[in-house]
2 protein chains.
Amino acid sequence: MALEPIQSNSMSQSERDALIEPLCAVFRRTLKEEGLKYTPERAAILDTIIEIDGLFEADTLLETMKSRGHRVSKATVYRTLKLLEQSRIIQQVLFDRDQSHYQLSMGKRGSTLIIHVDTGDVESAEIPELIVLRDKLCAERGLKPEGHRLQIYVTSSES
Amino acid sequence: MALEPIQSNSMSQSERDALIEPLCAVFRRTLKEEGLKYTPERAAILDTIIEIDGLFEADTLLETMKSRGHRVSKATVYRTLKLLEQSRIIQQVLFDRDQSHYQLSMGKRGSTLIIHVDTGDVESAEIPELIVLRDKLCAERGLKPEGHRLQIYVTSSES
DNA sequence: GTGCGTGCAAAGACTTTGCACGTAC
DNA sequence: GTACGTGCAAAGTCTTTGCACGCAC
């Protein structure tokens, strides 16, 4: 099931630009807190992720970076994805049998994806009511919600 | 993140027994429809899954079967899991970075899991309202829901 | 200057596949 | 009797890791 570049939550160029600074700041701060360094490779990876603005896989990211003229190794991509996840800048949103998928989190602590099982298209959705349900369920059980992932599998209309 | 054997939806022995016959029947019928054969290995795999009655991984299943005295190969387990999924008898419910997880579907077309990020425990939950939200969202978009998976990540109470 | 980071290639983990033999129908 | 199934081992894919060199602080 290939991932299509179709995203429902795409930003304008200016929105993307406005995101780079703050996200870099967050990343730098988190790294510093852990005694880690802000390197050109890590900066380039975050930049590219913001540019992609949607779902991506480690491999896609690497290819995109290469096509942009950035030279980074696969190992560094994987290592940096892990750091960005720890910084809560990106989140793993869907796994198919084959590989991990990520997207920018931008403060939201959950992700809803609509997956077209016939075409393989994937689009993001927002279900605010879901947060309510989730928090209610957690409250009933004395649990603290840390995030969620919902995948809805659909076909295009006719049965 | 290891999977604990803790399940909230466990059945009594008699409930499990009552399940074996009909599920075998479904499996046999589906296989026949595809011109495939009902073999002792496939029967043993389904039996063991019903006995496990909860989340499992290919590897767990294989180990459980061995401990029950069933000799099956890893390859056959993987091949049979795929068939059972096609028959809608089991469903893939959660992927961590490492491997696929399955559970009996028993007619439900979705799965909600509460994942304790601190302990690694996983438990099932039911959120009937979620189906309503899901179907509403799909209806708005002219899509036909085929199923869903929700994972809720929690910690145990205190912040 | 030192410790963390990087690239490369090798290793790891899970899953799939090719092939010869076996068996359900 | 035939086509599908099985076990085994090898191959595949994605991801992680060991190591020597390099750079951010």
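Below, chain A is the first sequence line, B the second, and so on; all start at residue 1.
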With no angle test and no hydrogens, is the base of C:dG3 tied to the side chain of A:Lys37 by a donor-acceptor pair under 3.5 Å? yes
Donor + acceptor pair across side chains of A:Thr155, B:Glu146 (<3.5 Å): yes
Just the rounded figure in Å: distance from [atom2] of [N] to [atom1] of [X].
X        : N      : atom1 : atom2 : value
A:His101 : D:dT15 : NE2   : P     : 8 Å
B:Leu36  : C:dT23 : CG    : P     : 19 Å
B:Leu81  : C:dC14 : CG    : P     : 14 Å
B:Arg71  : D:dT6  : CZ    : P     : 14 Å
B:Tyr38  : C:dT23 : OH    : C1'   : 16 Å
A:Gln92  : D:dC14 : CD    : P     : 15 Å

5'-most by nearest nucleotide on DNA chain C - B:Lys32 or B:Tyr78: B:Tyr78
Is it true that A:Glu33 and A:Arg28 make a salt bridge, defined as a side-chain N closer than 4.0 Å to a carboxylate O? no
Check ion pair B:Glu129-A:Lys136 (N to O, under 4.0 angstrom): yes
For a quick test of reading the model, state the closest non-hydrogen atom pair linking B:Tyr153 to A:His148 and the distance between them. CD1-CA, 4.1 Å
Nearest-nucleotide check on DNA chain D, B:Arg42 vs A:Thr39; residue mapping nearer the 5' end is B:Arg42
Heavy-atom nearest nucleotide on DNA chain D taken for A:Asp59 and for B:Thr76; more 5' hit belongs to B:Thr76
Give A:Arg79 one of three labels, base, sugar-phosphate or nothing, depending on what nucleic acid heavy atoms sit under 4.0 Å from its own. base
